[in-house]
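Counting starts at 1 for both ligands and their atoms, following the listed order. Small disclaimer: the values here were computed from a predicted structure and weren't measured.
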Amino acid sequence: MASAKQQIIESLLVQKELYGDELFRRTLVAEPILNEKKELPGKAEKKISSSPKKIEPLPIVNSSSENDFTEKLAKYYQEICECMECPLGKTRNKFVFGVGNPNARVMLVGEGPGADEDEQGIPFVGRAGQLLTKILEAISFKREEVYIANIVKCRPPGNRTPNPIEIETCIPYLYKQIEIIQPKLILCLGTTAAVSLLKRKESLGAMRNKVHYVGEIKTVVTYHPAALLRNPNWKKDCWADVQFFRKLYDEMYA
Ligand code: URA
C-alpha cells in the first residue's frame, strides 16, 4: 500500500490537473483575456547568449516536401537552440525544440520536456509520449503528420511545473513556431499548456469542451497524457475532447 506521503502527493497531482496551478502557485500567468479571436502575440526577437557547445542538427523533421516552412523552421532552431535566457538552460541536457511536419495543419502543445525528452532532444518520447501517439492514432492522425512542441523547451529539474518567469521567457519561441508552421488547429495538452497559451486563468475542466483561439487558430484543450497515466478515469473525457478536435478538423478538411 502507498505511504501517506505518496497518497498526498498523488492527490495533489490529481488536484493540480483538475484545478490548475492555483493550489501551487497563485501567480501563474498573466491576467485573463477574453475568449475571442485575437492577434498572435509579438514575435520572438530575442538575443540568444551563445555558448561554446556544438549545435546539433534539428531532430527529425518529417516533411513530405522541402519547402519554405521547413527551411524557416530549421533556421529558427539554429537561432535559438543554444538559449541560456533562463536558468533551465544551465540544467538541461538537450534543448527540445519540437518535432514533426513543418507544414502541419495540426499542432500539439505540451508543458515541457521530461527526462526522456531531455536526453533525446525530442518532445513526447517517454511513456506519456507513447500514450499521446496512441491517442493521435485513435483519431486517425499519424504522429509524423502533426507538429509537437512544448511551452518550455528545456526540462525543469525534477519535472516540476515551469515557473511563470520560465514560461514568459520561453513562450515567444512557441509563438514564432506557430507563426512559421501556421497550423489550422492546436490541441493544448494539460493545464500549463492551456493556461499559458490561451492566457486564461481557469481550471482545465472549465477550458475543455470549447473552441478557443490563439490568434485565428482554433484551439482545444484536453488532459495531459501524463495525467491520464496517473488517473485513467480521465481517459473517457480525453476521448471526448479528441473526438471533438477531430470533428473540427473534419469540418475544415473533409
Ligand atoms: N510532457 C510534456 O509536456 N512534454 C513532453 O515533451 C514530454 C512530457
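- Looking at ligand 1, you'll find an N or O of F124 within less than 3.5 Å of one of its N or O atoms.
- Listed by number with element, the atoms of ligand 1 under 4.0 angstrom from any heavy atom of G110 are 3 (O).
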In sequence, state the C-alpha distance, the side-chain angles, and the governing distance for R208 and D241, and then conclude on salt bridge (Lys or Arg N to Asp or Glu O under 4.0 Å).
CA-CA 7 Å; R208 288 183 52 237; D241 295 338; 2.8 Å; yes
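- Seen from the ring of Y249, R105 does not count as a face-on cation partner, given the 6.0 Å and 45° thresholds.
- When each of V96, N150, T133 is checked for a side chain to side chain contact (heavy atoms under 4.5 Å, CB included) with F124, only N150 meets the rule.
- Atom 2 (C) of ligand 1 has its closest protein heavy atom at G112 O, 3.0 Å.
- The proximity of P123 to ligand 1, defined as any non-hydrogen pair under 4.0 Å, involves the side chain as well as the backbone.
- Listed for the E166 side chain is no donor-acceptor partner under 3.5 Å among the backbone atoms of P87.
- Between the side chain of N101 and the backbone N or O of E144 there is no donor-acceptor pair closer than 3.5 Å.
- Heavy-atom distances between A226 and ligand 1 stay at or above 4.0 Å for every pair.
- Only the side chain of E117 comes within 4.0 Å of ligand 1, counting heavy atoms alone; its backbone N, CA, C and O stay farther away.
- Atom 1 (N) of ligand 1 has H224 NE2, 3.1 Å as its closest protein atom, hydrogens excluded (heavy atom only).
- The protein heavy-atom contact nearest to atom 4 (N) of ligand 1 is N150 OD1, 2.8 Å.
- Note on ring orientation: taking the six-membered ring where Trp is involved, the planes of Y147 and F97 are perpendicular (angle over 60°, cut-offs 30° and 60°).
- One finds a salt bridge joining K247 and E251 here, because a Lys/Arg side-chain nitrogen approaches an Asp/Glu carboxylate oxygen to under 4.0 Å.
- Of all the atoms in ligand 1, the ones that sit under 4.0 Å from a non-hydrogen atom of E111 are 2 (C), 3 (O).
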